[in-house]
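These values consider heavy atoms only, across backbone and side chains, with no hydrogens, waters or symmetry-generated copies. On a predicted model such as this, the values are computed, not experimentally measured, just so you know. In what follows, every chain begins at residue 1, and chains take the letters A, B, ... in the order their sequences are listed.
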Number of protein chains: 2
Amino acid sequence: MNAKIRLYVEHPLGVGQSVPLDKGQAHYLFGVMRQSVGGQVLLFNGTDGEWRAEIAHAGKRAGTLHCVEQTRPLQMPPDVWLLFAPIKKARTDFIVEKAAEMGAARIVPVMTEFTNSGRVQRDRLQAHAVEAAEQCGGTFVPEVAEAVKFDRLLDGWDTSRKIMFCDEALAGATSELPMQPGPWAILIGPEGGFSDRERGKLHRAEFTDAVTLGPRILRADTAAVAALTIWQQKLGDWG
Amino acid sequence: MNAKIRLYVEHPLGVGQSVPLDKGQAHYLFGVMRQSVGGQVLLFNGTDGEWRAEIAHAGKRAGTLHCVEQTRPLQMPPDVWLLFAPIKKARTDFIVEKAAEMGAARIVPVMTEFTNSGRVQRDRLQAHAVEAAEQCGGTFVPEVAEAVKFDRLLDGWDTSRKIMFCDEALAGATSELPMQPGPWAILIGPEGGFSDRERGKLHRAEFTDAVTLGPRILRADTAAVAALTIWQQKLGDWG
């Protein structure tokens, strides 16, 4: 009766609901995980919480699950976004995975002056966010937004959401975090940091707070986890 | 005159000091990075700070650098160790890398009941710690210790060093961190967490404090960064 497998589905979940599986899910569940009719799986879709479901039909390219009972209600993450400059492919995947684990509500790739990354494959990143949610027991999947250029992002920013940015130039400085409750976004720069112009623009903006992440230079994926930890502890759902 | 390349060497550094390069370093510096005689490199050895050095001889399998001036003094990390249960190879490498970036002073693999990892390749892990120190601008390299079994570790523990362990069973609970200054170690469990027996032993020990890392289950490498962030902010060199 142990239902350890967690699967994200794009389908409503509720009492008596039947949930069809697509080819990839059927392959994973029946081929890779060796499940069969009667087996138990946990389902979530990002909106209806987590449900225990039973395998009703198992085929090579399709399958059907029946929802049995809700095992957990939907738990939304706190209202914090992660804005990050894409880096090498594997590290970018890691940043998205970490952001989903750490409870970011939305993930936005930002193209800065020192961002040397080609096109951002949004579908692949979204799939990583889904996989992280499946693994970490979350019932919510953060959306990975379209990549946006730094200046366009800042110029069009809704100033009711504050931005905490991690300034490597502050490394070693004392940082008391002056953070007020409300919607936030955390901005992680690229390898090589922000340009002087970008840094100036961030410091001048009235909706930003600079923080330091210690005297050592952190890789972007490490910085994302550290910054989200600080935020979650102070204003989020860790407290 | 820009010396952006940072290299860890096992050799004393000081005014007028000549530093021989081994085959791998020579290949990296001259072959991969295309440096030649007169080029500038930053060196550190974990004890003498960071030095600017000039390439005096460049060969295919060897080379010599001359120390010019100290660019940074040795900066020791605060006295915090990272104890972690090895997981899949790539994730274990990541944990060591993150621990070095985050400023752990010592890294100890711990074999717990639910650790399903074979032999720990200490040399490879140590190389990852060196590489992380090269990248993150650190002047210190944490030692990766021999793997040790959970019970042996706890039974022989020097109780003047406290252990902060991350208890997934506390997920969602409020956690005020009751941390006192002094030497610490952070213990990260394996995938699947500690066994009930191990958890009981940790809770009963008088030199341990349990903390929660929020309501979502974090992968071990994410948990290591989050826990080190909490510690560095409260007791370490980020404050």
Review point. How about Trp238(B) and Thr212(A): do any of their side-chain heavy atoms sit closer than 4.5 Å?
Key: no
Practice item. Inspect the surroundings of CD in Glu69(A) and state if more than 12 heavy atoms from other residues, nucleotides or ligands are less than 6.0 Å away. Key: yes
Check your understanding: Taking C-beta and beyond as the side chain, do Glu101(A) and Arg216(B) meet within less than 4.5 Å on heavy atoms?
Key -> no
Check your understanding: Tell me, side chain or backbone of Ala100(B) under 4.5 Å from chain A's heavy atoms, or both, or neither?
Key -> backbone
**Study point:** Interface moiety of Glu191(A) toward chain B, non-hydrogen atoms closer than 4.5 Å
**Key:** neither
**Study point:** Option that, when pairs with chain A are counted at under 4.5 Å, heavy atom only, ranks first among Gly138(B), Gly137(B), Gly103(B), Ala226(B)
**Key:** Ala226(B)
Check your understanding: Would you call Asp221(B) and Lys98(A) a side-chain contact if the rule is heavy atoms closer than 4.5 Å?
Key -> yes
Check your understanding: Hey, does Gln135(B) have a side-chain heavy atom less than 4.5 Å from the side chain of Ile217(A)?
Key -> no
Point to revise | Greater than 12 external heavy atoms within 6.0 Å of His11(B)'s NE2 | key: yes
Point to revise | Beyond-backbone contact of Gln75(A) with Pro215(B), side-chain heavy atoms, under 4.5 angstrom | key: yes
Check your understanding: Are any non-hydrogen side-chain atoms of Thr229(A) and Val225(B) less than 4.5 angstrom apart?
Key -> no
Point to revise | Separation between CD of Gln233(B) and CD of Gln233(A), rounded to the nearest 0.5 Å | key: 7.5 Å
